[in-house]
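Order of the sequence lines sets the chain letters (A, B, ...), proteins ahead of strands, with each chain counted from 1. Worth knowing before you read on, the calculation uses all heavy atoms, side chains too, and leaves out hydrogens, waters and symmetry mates.
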Amino acid sequence: MIALAVSALITAYLLVPYALFRFILGRFVPLRLFQERKTEDITRAVVTLAVVYAAALWAVWFWPGCKTHPFSFPDTASLRTTDYETVASGLYSEAIFKERGDQFWGAFARSLERQGRFLCWYYAFVFALALACGFGIKYYGKLRRNKVFTRVADLYLLPPISQWYVVLTPFAFADKRTTVKADILMTDNTLYRGDIAEHFIDKEGNLSGLFLANPQRFDRRAYLREQDAWGSTRSAASFWRQIPSAKLYLLADKIVNLNLNYQPPLDTTDSEDIVKKFVYGKGIPKNVQFTITITAPKQ
Amino acid sequence: MVNKLSDLAEFLHDDSLPLWLQREIENQRDAIAVSLHKGEEYVISGPNGEQVKISPKAVAA
């Protein structure tokens, strides 16, 4: 009986809330982006649930609304202690269970109501935390200007996230219309370019492959032929050939390097600062003060 | 040195501009500098009708 009770407690207090947390988080961000070792994952789960447990316990003990709802009944500290004692004894020993009979079932029913009340709030808190984490990760690009948020994110939200997710998606950008453009050199010296549409990570957290949208291949042979024949070539842009494919899959172990360029729409709030920084970076003296105004095309 | 993912995110933001704008700024750097020195506004137009105005502080005010 004790083993059964412990299993039920582990399920109710650890497994269900953890599954609930991951389920809610999964509505906001793909869970495969989390790249943690098993021990780190368990540690994070235990610490998270311990904090939520403590918060829910505090609420149920001291917060008027949570103290009595749901499953309200007249309760006292001494009745609670007696009930738990009776239930624990009854579960431990069959003789005590038979001896106490109705007293056991009364105490058991009240204990179930108390635990039910606590679990309701515990799950509600887990739900709220998962929701907050989901929003935090999903809107990281917008919220990252806030220093407090960035500290919390560095401490709790970001460590389990795969660096490939940060690098190959618009995760860090406020505007999710940002495209990640890539020039990709393969082991056979073929050069591709396009927009990164999707990427895949293996169990160790390594990049296993990626999909390129609007893929183009650099016609190196024509380029070299032109160079040999004329001693010079037209601009490199003339040698890019559209690949008749909606999406091109490239195996990561055939990739030598990735040249990435992030292109958010120009109408974002960050754009003017980025342009300004870029202009200064190109050699305009720092004492020359100027402002940037961007007029984006009408959608 | 990028130690945290937030540093990486910050790093990714640097120069995160459309290529046409990067190229225009690079190619027209001297003209931009001369315009700003003269106190004149400099306008870069994009392929889809975007306009980037670089205005000296005095003109902007």
Answer key: most heavy-atom pairs under 4.5 Å with chain B among A:T179, A:L260, A:N261 is A:N261

Closest heavy-atom pair, A:I284 versus B:R29, reported as atoms and distance to 0.1 Å, is CD1-O, 3.8 Å

Is the number of heavy atoms from other residues, nucleotides or ligands within 6.0 Å of OH (A:Y156) greater than 12?
-> yes

A:K276, NZ atom: more than 12 neighbouring heavy atoms under 6.0 Å = yes

Taking every non-hydrogen atom, the tightest pair across A:V167 and B:L8 = CG2-CD2, 3.9 Å

Minimum side-chain heavy-atom gap B:K53-A:F290 below 4.5 Å = no

Is A:V275 close to B:I54 at the side-chain level, that is, under 4.5 Å between some pair of heavy atoms?
-> no

Between B:E26, B:Q22, B:E10, which has the largest tally of heavy atom pairs under 4.5 Å with chain A?
-> B:Q22

Enclosure of A:R151 CZ (heavy-atom neighbours >12, cutoff 6.0 Å) | no

Counting heavy-atom pairs under 4.5 angstrom with chain B, the leader among A:L158, A:I292, A:D154 is A:D154

Below 4.5 Å, heavy atoms only, C-beta onward: do B:H13 and A:R144 meet side chain to side chain?
-> yes

With a 4.5 angstrom heavy-atom cut-off, which part of B:L19 approaches chain A: side chain, backbone, both or neither?
-> both

Least distance between heavy atoms, A:A172 atom then B:A9 atom | CB-CB, 3.5 Å

Minimum heavy-atom separation for A:Y262 to B:L12, with atom names?
-> OH-CD2, 3.4 Å

Answer with side chain, backbone, both or neither: which region of A:Y140 has an atom nearer than 4.5 Å to a non-hydrogen atom of chain B?
-> side chain

Where on A:T293 is there a heavy atom nearer than 4.5 Å to chain B: the side chain, the backbone, both, or neither?
-> both

Contact part of A:K277 toward chain B, heavy-atom cut-off under 4.5 Å: side chain, backbone, both or neither?
-> side chain

More than 12 non-hydrogen atoms from neighbouring residues, nucleotides or ligands closer than 6.0 Å to NZ on A:K254, yes or no?
-> no

